[in-house]
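Here the structure comes first, spelled out in structure tokens, and everything after it is commentary.
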Amino acid sequence: MTNIVTGWTEQSFKAYLLVYAAQSNQVETEDEKDFIALNFEHELLKKVYKEIKNDNDYDRIQKIMSFVKEKKYSNDDLKKILDELKEMYLCDGSFDMAEQMIFNSLKRLLKVT
């Protein structure tokens with residue numbers, strides 16, 4: 001993995017990760033959009049949606065992994081982030097197979113035990 005500089009803040013990273021996850025099954029529900037909108041400022045989300053639209057899936061994963069590596073998150077910090085992700089997935093009453101696969105992939109990529 002090359003060193004990717006995102007220029008993200010902690011909030012930017014979390015917003016990017018949640019939007020990425022919400023779109024992972026090709027359907028970002030209104031409940032998921034609402035959940036994300038309640039947790040982040042509108043201007044930040046505009047930037048994140050624009051950035052994620054311009055990134056392909058490989059770029060998205062590389063950015064996420066690079067930021068996590070740069071910030072040297074503890075396992076507990078990563079678990080909290082994954083808990084937020086799971087909460088977002090469940091907010092629409094569904095945690096479908098595609099969402100579960102992405103969630104588990106992120107868990108492995110982030111090396112959360």
Side-chain angles (χ1 to χ4, degrees):
M1 175 176 77
T2 58
N3 190 22
I4 297 169
V5 178
T6 60
W8 288 341
T9 64
E10 179 83 21
Q11 284 296 99
S12 298
F13 165 69
K14 286 183 179 180
Y16 189 94
L17 184 63
L18 287 178
V19 171
Y20 169 75
Q23 295 179 354
S24 63
N25 64 345
Q26 309 303 318
V27 179
E28 185 177 8
T29 68
E30 288 303 314
D31 289 332
E32 290 170 339
K33 287 179 187 178
D34 291 344
F35 179 89
I36 293 168
L38 286 173
N39 288 286
F40 302 98
E41 293 178 7
H42 178 72
E43 286 303 312
L44 171 63
L45 287 178
K46 275 178 53 177
K47 289 178 187 176
V48 166
Y49 275 101
K50 184 177 181 180
E51 181 176 358
I52 210 160
K53 181 181 177 187
N54 291 321
D55 292 343
N56 62 38
D57 201 49
Y58 178 80
D59 293 334
R60 294 170 186 166
I61 292 295
Q62 292 302 308
K63 285 180 173 183
I64 291 165
M65 289 174 37
S66 180
F67 188 84
V68 168
K69 183 179 178 183
E70 173 190 331
K71 294 301 177 187
K72 298 179 177 137
Y73 284 111
S74 71
N75 198 56
D76 286 342
D77 291 335
L78 292 171
K79 282 182 181 180
K80 288 176 188 170
I81 291 168
L82 286 173
D83 286 344
E84 290 176 49
L85 252 177
K86 194 166 192 178
E87 184 180 353
M88 188 273 308
Y89 275 136
L90 293 170
C91 74
D92 63 0
S94 173
F95 189 31
D96 67 40
M97 192 63 95
E99 291 172 335
Q100 290 177 40
M101 287 175 46
I102 293 296
F103 181 82
N104 288 328
S105 294
L106 286 169
K107 190 174 177 180
R108 280 191 304 279
L109 284 172
L110 301 177
K111 297 178 172 87
V112 178
T113 56

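Basis for what follows: all heavy atoms, side chains included, without hydrogens, waters or symmetry-related copies.
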Query raised in the report: Does Gln100 CD have over 12 foreign heavy atoms under 6.0 Å away?
Result: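 Atom CD in Gln100 is crowded, with more than 12 foreign heavy atoms closer than 6.0 Å.
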Query raised in the report: Leu90, Leu106: one ILVMFWY side-chain cluster at the under-4.5 Å cut-off?
Result: yes
Query raised in the report: So if you build clusters from Ile, Leu, Val, Met, Phe, Trp, Tyr with side-chain heavy-atom gaps below 4.5 Å, do Tyr73 and Leu109 land together?
Result: yes
Query raised in the report: Which residue pairs pass the salt bridge (Lys or Arg N to Asp or Glu O under 4.0 Å) test when at least one of the two sits in residues 23-32, sequence neighbours left out?
Result: Glu30-Lys33
Report summary line: In short, salt bridge (Lys or Arg N to Asp or Glu O under 4.0 Å) pairs touching residues 83-98 with sequence neighbours left out are Lys14-Glu84
For residues [X] and [Y], report the shortest heavy-atom separation together with the two atoms involved.
X     : Y      : answer
Val48 : Ser12  : CG2-O, 4.1 Å
Ile52 : Arg60  : O-NH2, 2.7 Å
Leu82 : Leu110 : CD2-CD1, 4.4 Å
Ser24 : Ile102 : CB-CG1, 3.3 Å
Ile36 : Tyr49  : CD1-OH, 4.3 Å

**Report entry** Qualifying ring-ring contact (aromatic ring centres under 6.0 Å, His included) pairs, either residue in residues 20-45, two or more places apart
**Finding:**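 Qualifying pairs: none.
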Report task. Any pair with a residue in residues 81-110 that passes ring-ring contact (aromatic ring centres under 6.0 Å, His included), sequence neighbours left out, goes on the list, sorted by first then second residue, please. Result ->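 Qualifying pairs: Tyr89-Phe95, Phe95-Phe103.
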Requested in this report: With sequence neighbours left out, write down each residue that passes salt bridge (charged side-chain N to carboxylate O under 4.0 Å, His left out) with Asp55, or none if nothing qualifies.
Outcome: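 Residues passing salt bridge (charged side-chain N to carboxylate O under 4.0 Å, His left out) with Asp55: Lys63.
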Report task. State which residues pass side chain to side chain contact (heavy atoms under 4.5 Å, CB included) with Lys47; sequence neighbours excluded, sorted by chain then number. Result -> none
Report task. List in chain and number order the residues that pass side chain to side chain contact (heavy atoms under 4.5 Å, CB included) with Asn104, two or more places apart in sequence or in another chain; answer none if no residue qualifies. Result ->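 Partners of Asn104 by the side chain to side chain contact (heavy atoms under 4.5 Å, CB included) criterion, ordered by chain and then number, come out as Arg108.
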Requested in this report: Show which residues join Met101 in its hydrophobic cluster (side-chain heavy-atom contacts under 4.5 Å, direct or indirect), or state none.
Outcome: Met97
Could you tell me the separation between the [atom1] atom of [X] and the [atom2] atom of [Y], rounded to the nearest 0.5 Å?
X     : Y      : atom1 : atom2 : value
Ser94 : Glu99  : OG    : CD    : 5.5 Å
Glu70 : Met65  : CD    : CE    : 14.0 Å
Thr6  : Gln62  : OG1   : CD    : 12.5 Å
Leu85 : Lys107 : CG    : NZ    : 12.0 Å

Query raised in the report: What residues form a side-chain hydrogen bond (donor to acceptor under 3.5 Å, both in side chains) with Asp34, not counting sequence neighbours?
Result: none
**Report entry** Residues that Glu43 engages under side-chain hydrogen bond (donor to acceptor under 3.5 Å, both in side chains), provided they are two or more places apart
**Finding:**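 By the side-chain hydrogen bond (donor to acceptor under 3.5 Å, both in side chains) rule, Glu43 matches no residue at all.
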**Report entry** Trp8 and Glu51: side chain donor to acceptor below 3.5 Å
**Finding:** yes
Query raised in the report: With a 4.5 Å limit on heavy-atom distance, are the side chains of Ile64 and Phe13 in contact?
Result: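 Answer yes - side chains close enough.
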